[in-house]
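What follows is one structure encoded as C-alpha cells, with my remarks underneath.
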Amino acid sequence: MFDYRRELHGTVTILRLRGALDALSAPELKREIDALVAEKRSPVVLDLAGLELIDSSGVGAIVSLFKRLRQLSPPGEVKIAELRGQPSQIFQLLRLDRAFDICATVAEAIARLSK
Amino acid sequence: MATLTVLEGSNAGREYDLPDVCFLGRSAQCDVRVGDLTVSRRHCKIQRQNGKYFVEDLGSGNGTYVNRQLIVREELHHNDEIRIGHSRFRFSDRSRVLPAIRDVQTTSLGASPGQPMALEQHTSIDQAIDTSQDLLLRPPDPHGSRSELERVYRRLQTIYAVSQAVSNILSIDQLFDEILKQLMLVFPQADRGMVLVLDERSPALVPYAARHRGASRDGVPYNPPREAGRGQVPQAVIEAVVHKRKAVLVSERLPEVPPRQITMTGVYQGSAMYAPLVASGEVLGILQLTAGPAQLFHRDDLDLHAGIAVQAGVALANARLHDRLLQQNRMHEELLVAEQIQRSFLPRVQPTVPGYSFYAHYDPAYEVGGDFYDFIQLPDNRLAILIGDVSGKGVPAALLMARMASELRVCALAEREPARVMSRVNRSLIEMGHMDMFVTAIYAVLDPPQRRITWANAGHLPPYLRRARSPGQVEVLHSAASLALGILPDSEYDESCCELDQGDAVVFITDGVIEAKNSHAEEFGLNRLARVVAQASSAGEILARILDQVGQHVGGAAQYDDLTVVTVGYTGATDSWTIDKTHRLATRRPPLR
C-alpha cells in the first residue's frame, strides 16, 4: 500500500509519503511529481515518516523530483525529513545524503530552507 | 458457477472458473498465480462449503482484503472485490445473485431555486433488462393499434442490430457510433446521443462518441470536446447511474421554462435518458440520449435505452481486453529486442590474466535487467572490472544500462584514475537527461604486477575481500563510497585500494544477491553472504557457493531482482601479463518467460 498527501505550509509544499514506494507504486508518485514540477512548486519538503519501504524505482522518483526542481529557474529546493528504517539504509547505501539535505523533522527542514 | 476476474494486476481481464478449493499467490503451484512482489507465495485461498464461497488469508505478508476490509476468513458474495498486494479481483457467483429490487422511484432532482424542477425516474438496471425483454417477448395485443405493433417491431430490430454490431465490430469508436446510430433511428424524438466513459485511472467521465440529429434519420457523428464530460451530466444523475447502477429518465416539468437550449457543452434542459454501461457488475460509463425541442422520452423508452447500454458495456469491456492483449504482445516484442541489445553489451569472453582468475554470473529477473558487469582491457596490461545496477526495471533500465556500458568503455580508456572515470560517466549520464534513473556502480582497476585493485564506488554495495591468511573470515571493503551516478552533475568520487596476496579473492555483487527472498519474504542478507564467502577458498568456489546458497535460500520462490556476482582471485605470481580473450564466461542464460 502506498499513498501520499500534499499540504501547503505558507509557501512550502509538504509531500507526505506513506507505505511502500516501489516499482508498482512509483508511477503514482511520478504523476504527482509531474504536477509539482508543472506548478513550479518550491520549496518542497518530503516527509518520509510514514514511508516503510523504498526500492530503486522509488528512489528514482524522488531523485527525479530533485533533479527536475533544480532545473527550474530559479532552481527549486527539496528537503527530506523524518528519514528512518529501511529507506534510511537505502539512502545511506546510495550516499544520497550527499545530494539531499536530510533533516530530522519537517519543522527543522522548513527552518533550514534558504529564505 | 463462480468465477474470479482479474481487475488489476498480471493477466488483468482474465476470468478464472473457481474450483472447490482455489489458492491465490505468487507460487507456480497456485491455481491463480499472481506475479506481484507484494503477494505471498501462498497468499489466500477461496473454498466452497455448502454452496457458499469463503476466502481465507493464509498468513500472508500483506494481508487479504475484501471490499477494502482486511479479513482473516470471510464469506464471499456476488461482486465482492478481493485485493491481495497490488492485485484486485472480482468474485462473481451468478447463481446467488439476489433478485433486483423491482420498484420504480419517482423523485425530484435537487433543483436549486430559480431552476425548473425536474422529474426523474429511476429504473434499476436489472429490471430495465427484464422489462425490455417483456416488451419484446409479449405477444402483441390483438386490440392494440397497428402503430404500436410497428413500434415494438422497430425496437426488436434495434436490439438485433446492436447485438450484431457488438459481436462483429472490435473497434470501440466504430461500435459506439453504430449504437448511437441505432438509438437515433429508434427514437425519432432524440436530438443528441453521447457515450461517456469513465476514465480507468481517474473518476472523470470522458465523451467517446457522439451523434446529433442533423438532417439525417440516423443522425450525424460529431466530435464532442474532451472537456465536455465535465458538467455534461448532472451530479445527481451521475450519482444514480454510476454509483447506484440505475437508468434515469429526466423530464422537465414546468411548462414556463424559457426555450430549450443546447449549448456546445451540452447542458440540457428538457428530456434526457441516462443508462449505465455495465460489464461484470462494474459501471464503465454512461449512455446518454437527449430529446429534441418539445419532445419527451417515456418510461418504456428508458427500458430499451438501458438494455442497449448493457450491450454497449459488454462490448466496451471486450474491446478493452482485446487492446490489453495487443499491448502485451507488443511489449513482449519490445522486451525481446531490448534483451538482444543488452546481451550484446555483456562480455562474451572471460579475460585471462596469468596468476588471476575471473568469474562472473548474471541472471536478470525478467527478460531484461538493470544489472551489468564488464571487463575492459586497459593500456599497460591493466584490467578494469565493472559492476553496476541501473535503477528501475524493464526496457528503459536495459537501454540505459546499454548506454552506460558503452559510455564506460569510452571513459575507461580516456581517464586513468577510477575516480575520474566515474566523474566523467556521471556527467554523461546527467546529460542523457534520464530524470528518474540513476546507477550504482563500482569501477575497479586491477594492476596485475602490483597485485593491487583500486576502485571507486558510486553508491554500490561494498566489495568483499576474503584473505587466504585468515580463513573463515571476510572483510567488507566499506571505505569510500560516493553518491550514485546520474544524480548530481558535480559529484566527486573517492578511491580506495587494496593489495592482494596469493589465494585472496575479491567479490562484487549487486543487491539482487542480498535481497533474494525465500517464501517467508526473508532476505538472503549480508550476514549469510559474509558466511558463504568466508567458507569458500577460491574465487571460483565463492561464486559457485553464493549461487548455490542463494538458490537454496530462495527455494521455489520467484526471483524478483537481477542477480550479478563477479569474483576476482589472485592465484599466484607470474611474470607474463597479457589478457587473452578466449574463454567463454560462465554466464547462464535464463529461460524466457
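Numbered from 1 within each chain, the chains take letters A, B, ... in sequence-line order. When reading the values below, keep in mind they use all heavy atoms of this one structure, side chains included, and skip hydrogens, waters and symmetry mates.
Contact annotation for A:Phe66: only side-chain heavy atoms (C-beta onward) come within less than 4.5 Å of a heavy atom of chain B. The contact between B:Leu488 and chain A is made entirely by side chain atoms (from C-beta outward), counting heavy-atom distances below 4.5 Å. In this structure, no portion of A:Gln92 lies under 4.5 Å from any heavy atom of chain B.
No side-chain heavy atom of A:Ser57 sits less than 4.5 Å from a side-chain heavy atom of B:Met437. Residues A:Leu94 and B:Thr440 have side chains in contact (heavy-atom distance under 4.5 Å, counting atoms from C-beta outward).
Summarising the local packing, CZ of B:Arg420 is surrounded by 12 or fewer heavy atoms from other residues, nucleotides or ligands at distances under 6.0 Å. The 12-atom threshold is exceeded at CZ of B:Arg88, counting heavy atoms of other residues, nucleotides or ligands nearer than 6.0 Å. The neighbour count for A:Gln86 CD, taken as heavy atoms of other residues, nucleotides or ligands under 6.0 Å away, is above 12.
Not counting sequence neighbours, the partners of A:Glu32 by the salt bridge (charged side-chain N to carboxylate O under 4.0 Å, His left out) test are A:Arg6. Partners of A:Asp97 according to the side chain to side chain contact (heavy atoms under 4.5 Å, CB included) rule, which considers only residues two or more places apart in sequence or in another chain, are A:Arg95, A:Ile102.
What you find for B:Ile487 and A:Leu96 is that their closest heavy atoms are CD1-CD2, 3.3 Å. Nearest heavy-atom pair across A:Met1 and B:Arg83 is SD-NH2, 3.6 Å.
Atom CZ of B:Phe438 sits about 9.5 Å away from atom CD1 of A:Ile62, to the nearest 0.5 Å.
A donor-acceptor distance shorter than 3.5 angstrom exists from the side chain of A:Lys67 to the backbone of B:Gly486, with no hydrogens or angles considered.
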